[in-house]
Amino acid sequence: METELLVVGGGPAGYTAAIRGAQRGLDVALVEDGLIGGTCLNHGCIPSKALLSGTGTVHEMETASEMGIYVEPYVDLGEMVAWKDGVVDRLTDGVAALCRQNGVELVDGFARFVDERTVAVDDGREIEFENAVLATGSRPITLPGFGFDADPIWDSRRALAAERAPPRLLVVGAGYIGMELSTIFARLGSDVTVVEMLEEPLPQYESDLTDPVLESVAELGVDINFGEAATNWHEDGRDVVVTTETEDGEESTYSVDEVLVAVGREPVTAGLNLGAAAVETDDRGFVETDEHGRTTAENVFAVGDVAGEPMLAHAGMHEGIVAAETVAGEDPPEARAVPAVVFTAPEIATVGLNPDEARAEGIDPLVGEFPFSASGRAMTTREATGFVRLVAAGDGRVVGGQIVGPEASELIAEIGLAVQEGVTLEAVAETIHTHPTLSEATMEAAEHALGRAIHTANR
Amino acid sequence: MVDVIRIPKLGLSDYGELVSWEVDIGDTVSKEQVVAVLESEKASADIESTSDGVLLETYVETGEEVAIEVGKPLAVVGEEGESVPSLDELDETAEEDDAQSKPESETETAATQSDDGQSGASASDVKATPRAKRRAREVEVDLAAVDGTGPQGAITEDDIERHRSENGQDSGSTTERSDEEVKATPRAKRRATEDGVELANVKGSGPEGAVTEDDVEAYLESAAEGESEAEPASASSGDLTVTESHELSGIRKTIADRLSQSAREKPHVMGTREVSIEQLERVRDRLRTNHDVDVSLNDLLLHLVGRVLDDLPEFNAHFEDGTHKFIDEINVGYAVDGSRGLVVPVIPDVLERSLSELSEMRRSLVQRVIDDEFEPADLQGGTFTVTNVGVFEMDVSYSIINPPEVAILAIGRRKHAPVERNGEVDFEKVITFSLTIDHRALDGADSGAFLDQLAEYVEHPGVVLDAV
């Protein structure tokens with residue numbers, strides 16, 4: 001079999017590259033040894049967002065007494081998981097159909113590089129390609145001694161398929177996966193404890209963004225212990241006893257029912273025989289690429305998680321498009337703004353530069369903020385914590401934004417557009433935003449940066 | 001050491017019947033083998049042996065009505081010849097077991113999680129709302145020991161509080177109901193308005209003690225049987241001397257539930273007609289003397305009702321899910337006042353039986369009900385019901401339709417009624433038939449047609465009974 005563009009891996013980065021390649025007239029084959037949609041659709045973004053949404057409804061019902069509504073929901077987690085699986089199935093079927101409709105040939109199997117122009121699929125077929133896009137994604141990192149083969153040790157995939165909420169859950173790691181899953185299980189009534197080796201959660205974000213999240217999970221009863229590394233575990237009767245250690249060597253033990261290890265993700269490159277294609281990886285195993293996704297092999301590209309940070313589905317999709325356009329000889333789109341979101345409650349969303357990063361780049365930033373506590377809409381939805389912050393260069397062009405609060409994941413898109421297109425604070429401030437909405441906060445933040453905010457005090 | 005088979009958590013209602021022992025005392029049983037079947041009004045459940053051995057003793061007899069309480073001993077399994085504990089001894093053992101299984105406080109390290117009362121495999125299997133789980137942890141209640149009243153039998157926060165107060169623990173319950181104001185869910189309010197229920201009379205089981213739609217429904221059901229626990233204030237027995245009280249259970253409760261549902265959902269309309277039975281009695285007598293067929297008037301009426309149902313298939317029907325379903329088989333139910341209450345055994349395919357066969361089947365079914373030896377299968381598959389209220393010396397009866405059927409016919413007592421013949425007053429034997437119809441599926445005109453056709457057959461039986 002021969003193809004102009006071979007895509008290895010059918011996650012968001014891979015299938016996007018395949019479809020865009022086909023749209024550009026290339027003859028495309030996509031090899032996937034698991035489920036189309038990859039981690040995002042099957043074991044990550046979509047399932048976790050489904051369960052966050054489901055348990056968010058539970059939380060809303062439980063706290064509705066503030067509005068005079070008294071409800072005590074009972075959750076059949078098995079049914080909720082089945083509903084989530086239905087959502088996932090519809091999406092994966094849809095993606096497979098899109099691939100076929102665009103003329104992408106789907107090959108079921110595991111591809112291994114034979115040389116720079118050939119892969120061998122595990123069913124014995126060989127595929128010769130002119131160009132290849134590597135999109136094999138990532139998988140959860142195991143902690144030494146906490147192999148996922150042991151029954152009480154869960155990875156995120158296992159947690160998202162759990163049909164019962166464990167009475168006591170220990171989460172190792174306070175990154176975005178640990179925080180999102182802690183929120184889910186705490187809402188389901190589990191007694192959740194988090195241990196984090198570092199001294200802060202979500203280390204890629206500033207503390208003013210993470211503080212509201214810490215307050216919110218604390219209200220749910222989640223206990224986070226920073227500066228503790230999980231060292232080992234053993235079973236004691238029905239209990240799973242986990243030992244942690246601080247830098248000073250102080251030990252603690254936790255008796256729980258299940259342990260979720262969420263300490264990061266590593267690239268999936270094992271078995272691909274990348275050396276045969278002259279594709280090199282960095283010391284963490286990620287494939288090295290240039291701005292177009294090209295690897296050390298001229299005709300092999302790498303996109304998505306396997307190419308390293310940011311390990312975000314939407315970033316991977318963009319990279320897939322860039323690689324496919326490059327292979328097709330087109331001028332690929334440039335991404336100046338890659339938003340990132342943590343779907344905790346409240347959500348955190350960022351794009352572009354924060355004030356410190358702007359200063360580090362030599363910009364004397366214009367910064368404006370608007371707190372949701374001053375937003376009528378936020379108050380009516382009982383989610384008036386957090387703020388919107390806009391960061392602009394001296395000429396007024398927006399270079400970044402940070403949001404923590406309700407619907408941050410949606411609101412960030414407007415700031416993303418502003419950063420991508422170099423929109424000015426003036427333009428954002430002068431654009432009429434619907435009242436009363438959460439999106440007004442972005443307009444107010446722009447006005448605040450310009451020193452003329454109406455609904456908040458100007459500095 | 002013997003092993004006790006106890007009632008597990010079944011999700012059945014409070015009372016049920018031990019329908020059968022699947023093994024006899026002395027039989028060898030293996031673990032998870034079904035040894036008995038328990039049945040409540042809604043479902044039945046298999047009781048399995050908890051170990052291998054010999055069934056040494058049973059504590060409940062076949063047919064006995066039992067309170068379905070988790071942990072109640074049903075039987076013991078052990079080695080042959082082993083001594084068997086009495087029920088009293090078992091109660092003592094159970095108390096000791098409880099005492100021994102009390103959780104010990106944890107003192108491992110400062111960071112060790114305190115025991116939340118939920119540890120152990122069984123706790124994670126217990127259904128509970130998130131709020132109940134949190135509350136159980138707070139007040140150190142073992143969820144496995146609490147009975148759930150929530151959706152799917154889940155334990156609610158209220159159940160925890162009730163469990164605590166029953167066990168003498170301080171209850172910080174916030175569910176005390178205010179006397180000034182009746183709390184009710186919007187659905188309960190709508191339902192109460194629709195059915196004319198005063199919410200103040202209904203006990204609330206929802207959050208904050210709010211009256212739920214289920215509570216209103218339960219109130220209506222009990223009120224329909226006149227044995228409401230939550231009676232209206234004006235009819236309360238509070239200051240009166242109650243000499244006897246009977247909580248509904250088992251089959252009586254089933255009857256109450258089904259008939260009150262029928263009365264609530266079906267718009268009942270009754271029509272009556274007085275019909276002469278002079279001819280029919282002559283037919284009965286001729287059958288006895290000329291054909292040696294011993295049939296009662298009831299048997300003949302059942303046959304003629306079958307004829308009418310054949311002529312008017314809209315009556316031989318069910319009404320379910322908004323659909324009026326005509327049914328091919330003509331299976332007539334015949335209401336019998338049994339020792340456990342009103343029971344309606346069914347005579348299948350009435351028109352396919354000879355009169356003597358029909359008669360024999362009716363008598364056998366009635367006897368089985370009176371002797372309390374009927375099977376659940378005897379009560380199934382009815383398409384129309386006949387009830388003879390004449391045995392109680394009643395002329396007419398506004399009978400409640402046996403759901404999902406669409407009509408019921410009550411046969412009144414035989415009596416002499418004056419009739420006019422050639423300007424003279426004469427008397428003849430008559431019966432009043434009362435036909436109650438479900439007005440959603442049938443109209444008054446249908447009712448008239450049914451009684452007309454029945455009168456035709458009863459007054460002129462020769463039309464349909466050729467042999468006589």
Side-chain angles (χ1 to χ4, degrees), chain A residues 54-55 57-59 61-65 68-79 152 162-170 184-193 195 219-223 225 228 236-246 250-258, chain B residues 103-104 106-138 142-144 148-161 174-175 177 183-188 204-212:
Chain A
T55 57
T57 303
V58 174
H59 185 65
M61 292 167 96
E62 290 201 318
T63 55
S65 54
I69 304 167
Y70 292 85
V71 199
E72 187 175 347
Y74 164 65
V75 184
D76 185 322
L77 186 55
E79 283 180 31
E163 298 208 339
R164 284 211 179 86
R168 299 163 301 170
L169 175 69
L170 182 77
I184 288 172
F185 284 100
R187 284 168 172 175
L188 291 170
S190 294
D191 185 10
V192 180
T193 306
V195 291
E219 275 173 27
L220 286 173
V222 176
D223 183 20
N225 299 289
E228 288 183 27
D236 181 7
R238 289 164 172 171
D239 290 350
V240 179
V241 180
V242 177
T243 306
T244 65
E245 199 178 308
T246 63
E250 198 180 314
E251 284 195 351
S252 301
T253 57
Y254 298 89
S255 295
V256 294
D257 297 288
E258 312 284 352
Chain B
E104 288 168 23
E106 296 237 11
T107 50
E108 263 183 277
T109 70
T112 297
Q113 302 300 287
S114 66
D115 193 307
D116 58 3
Q118 291 185 46
S119 58
S122 63
S124 63
D125 291 341
V126 175
K127 289 180 174 177
T129 67
R131 188 177 287 177
K133 289 178 190 171
R134 288 185 209 110
R135 183 69 182 150
R137 267 203 305 277
E138 262 171 44
D142 184 358
L143 282 172
T149 63
Q152 298 191 17
I155 298 163
T156 65
E157 194 177 23
D158 276 355
D159 296 332
I160 306 269
E161 300 304 345
T174 53
T175 58
R177 195 157 167 258
K183 291 178 181 167
T185 67
R187 288 169 77 112
S205 69
E208 301 284 299
V211 176
T212 66

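- By the 4.5 Å heavy-atom criterion applied to side chains, A:Asn225 and A:Thr193 are counted as neighbours.
- When each of A:Pro73, A:Ala186, A:Gly237 is checked for heavy-atom pairs under 4.5 Å with chain B, A:Pro73 comes out on top.
- Of the listed residues (A:Val71, A:Val75, A:Val58), the one with the most heavy-atom contacts under 4.5 Å to chain B is A:Val71.
- Remark: A:Thr57 engages no residue in a side chain to side chain donor-acceptor pair (under 3.5 Å) (not counting sequence neighbours).
- In this view, A:Glu72 satisfies the salt bridge (Lys or Arg N to Asp or Glu O under 4.0 Å) rule with no residue, not counting sequence neighbours.
- Interface residue A:Ser190: only backbone heavy atoms are found under 4.5 Å from chain B.
- For chain B, no part of A:Val242 is nearby; none of its heavy atoms comes within less than 4.5 Å.
- Note on A:Glu62 versus A:Arg187: no salt bridge recorded, every NZ/NE/NH1/NH2 to OD/OE distance being 4.0 Å or above.
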